[in-house]
Amino acid sequence: MYSTASTGTRSSSPNGVDGATARPSRSPLRPPTAGAGRPAPRGAELRDPRGRTTLVTRPVADQAGRLGRPAAGRAPEAFVDRVDPAALQTPAVRAVLANVARICPAFLPRQVLREGSRHILIAGTIGRAPVVAKCLAPGALRGERAEQLVERFHHEVAVYRAFVRHRPPVRLPRLVAADHDRCVLVLERVPGRPAARERHPVNAPTPGEVRAVLGAVRTLNLWRPPTDVFGKPMDYQTEIARYHSLGLLTDRDAGDLRGLLHGLSAVPWQLNHGDALLGNILLAPSGPVLLDWEQAGWYLPGYDLSVLWSVLSGDTAARRQISQLAQSGGTLARDAFLVNLVLVLMRELRLHDVPGAGEEQRIMIRRLYDDSALARRAVRAAVGTR
């Protein structure tokens, strides 16, 4: 959320997933130990002077000290934001700042972290506490996807409010305030750095960072929240039909995926982040922090793992760990992972295989096609063992 994930490239060859015709050198590794993150604090509903209901969390001391203040004995991780008056005066930024001021009159903007076509992120402070305001860009409300973007933003607001009531076992920014109607979120600004700044990173995280990320994702997937906020964002049959109509899946591919889905009809779905790209995972001193919850919901087991597998193309060890995790739940969990993986790779191809791609992007596209062929072979092998 704090940084924009862009397209990265890597020319290394793809790695195997369970059920595929793997190369001899690809031996499985032990799955990482899932570690629970720090729970989010409880909050309360308050009303601002204008009568608007606002969820505000109490700043609770933890290993990083009070919100916005480093603990004694640890090197400070202060945010050094260069104030950019020009960026803060653009019409779109001024419009969203007016909406932020309605629910947080004490918000002092410092820097525009991102001004994109969909979202605007503004770093600032409330008192001494560093926060980030995430707002839907005014231009997005006039686009053809406005309804979908508003719906996703409303869902993210609902998720953060649900996490105030039901603390998740993973770390995420604390909710400070939210305006559902104007699509504004004000969140704690967590010190740290994104696990990657590109969608398909050239430089993968270290093995220790990968283990921590997989542990946090796995912990979330195994959690059963006592709330009805989460729905099922993906219609698997519809997605298979769509990619089949686009020519990305052959008749046999679509039939194999539908065959696996039929066998997964009784498998319990898991809570997944839904967009577990490395750019949406912050590496903080207290452990991984998950950002951007717009697509969180119930998926077939292994959806987040398939997203991470698809972007960690050059990290053989990480892909082996992910494949091992996917197999740890048995044959049905493996089949669910393979269905998710094929659909995630089809999405990546649809996003990146566009006219006018540069050389680096064409290398990445070729790698995605190789990965897709590998995943389809794994699906065929899985169908043959049923």
Side-chain angles (χ1 to χ4, degrees), residues 1-17 20 22-23 25-26 29 32 113-119 121 190-217 273-285 287-292 295 303-326 340-375:
M1 182 181 72
Y2 302 144
S3 64
T4 304
S6 60
T7 301
T9 61
R10 176 123 0 148
S11 57
S12 53
S13 59
N15 300 285
V17 293
R23 297 191 178 97
S25 61
R26 296 172 184 160
L29 300 181
L113 299 179
R114 183 173 73 199
E115 184 176 354
S117 59
R118 299 182 182 180
H119 298 102
L121 301 179
V190 181
R193 60 180 175 81
R197 297 188 180 277
E198 301 168 318
R199 188 180 184 93
H200 293 262
V202 174
N203 299 314
T206 66
E209 292 169 347
V210 170
R211 285 194 298 271
V213 167
L214 292 179
V217 167
H273 179 276
D275 196 21
L277 300 168
L278 293 172
N280 289 334
I281 301 174
L282 199 68
L283 299 176
V289 181
L290 302 184
L291 314 172
D292 285 347
Q295 300 181 53
Y303 186 83
D304 286 342
L305 294 178
S306 68
V307 172
L308 289 169
W309 194 97
S310 71
V311 298
L312 286 168
S313 59
D315 196 331
T316 305
R319 281 191 162 181
R320 287 172 177 168
Q321 292 178 63
I322 293 170
S323 298
Q324 184 68 25
L325 274 177
N340 284 320
L341 182 59
V342 170
L343 295 180
V344 166
L345 289 170
M346 294 303 102
R347 180 192 65 187
E348 294 301 304
L349 283 171
R350 183 178 59 84
L351 288 175
H352 300 295
D353 190 6
V354 294
E359 181 59 29
E360 289 186 357
Q361 188 168 349
R362 285 197 294 269
I363 293 173
M364 184 194 66
I365 292 169
R366 287 197 293 270
R367 176 190 57 75
L368 285 172
Y369 275 109
D370 289 341
D371 287 348
S372 300
L374 183 66

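Annotation: side chain to side chain donor-acceptor pair (under 3.5 Å) contacts of Arg347 (sequence neighbours excluded): Tyr303. Residues passing the side chain to side chain donor-acceptor pair (under 3.5 Å) test with Arg193 are Glu209, sequence neighbours excluded. Listed by chain and residue number, nothing satisfies the side chain to side chain donor-acceptor pair (under 3.5 Å) test with Gln295 (two or more places apart in sequence, or in another chain).
Within the 4.5 Å cutoff, the side chain of Gln361 has heavy atoms near those of the Val354 side chain. Taking 4.5 Å as the limit, every side-chain heavy atom of Leu368 sits out of range of all side-chain heavy atoms of Ser313.
A salt bridge links Asp371 to Arg367: one of the charged nitrogens lies within less than 4.0 Å of a carboxylate oxygen.
A distance-only check finds a donor-acceptor pair linking the side chain of Arg319 to the backbone of Trp309 [under 3.5 Å]. Using modelled atom types, one side-chain atom of Arg362 and one backbone atom of Ala357 make a donor-acceptor pair closer than 3.5 Å.
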**Request:** Take Leu283 and Val213 through the side-chain contact (heavy atoms from CB on, under 4.5 Å) test and state the conclusion after the steps.
**Result:** CA-CA 8 Å; Leu283 299 176; Val213 167; 4.1 Å; yes
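Here the OG atom belonging to Ser310 is positioned 12.0 Å from the CG atom belonging to Leu343, to the nearest 0.5 angstrom. With rounding to the nearest 0.5 Å, the separation of OG in Ser306 from CD1 in Ile322 is 9.0 Å. Atom NE2 of residue His273 and atom CG of residue Asp292 lie 6.0 Å apart, to the nearest 0.5 angstrom.
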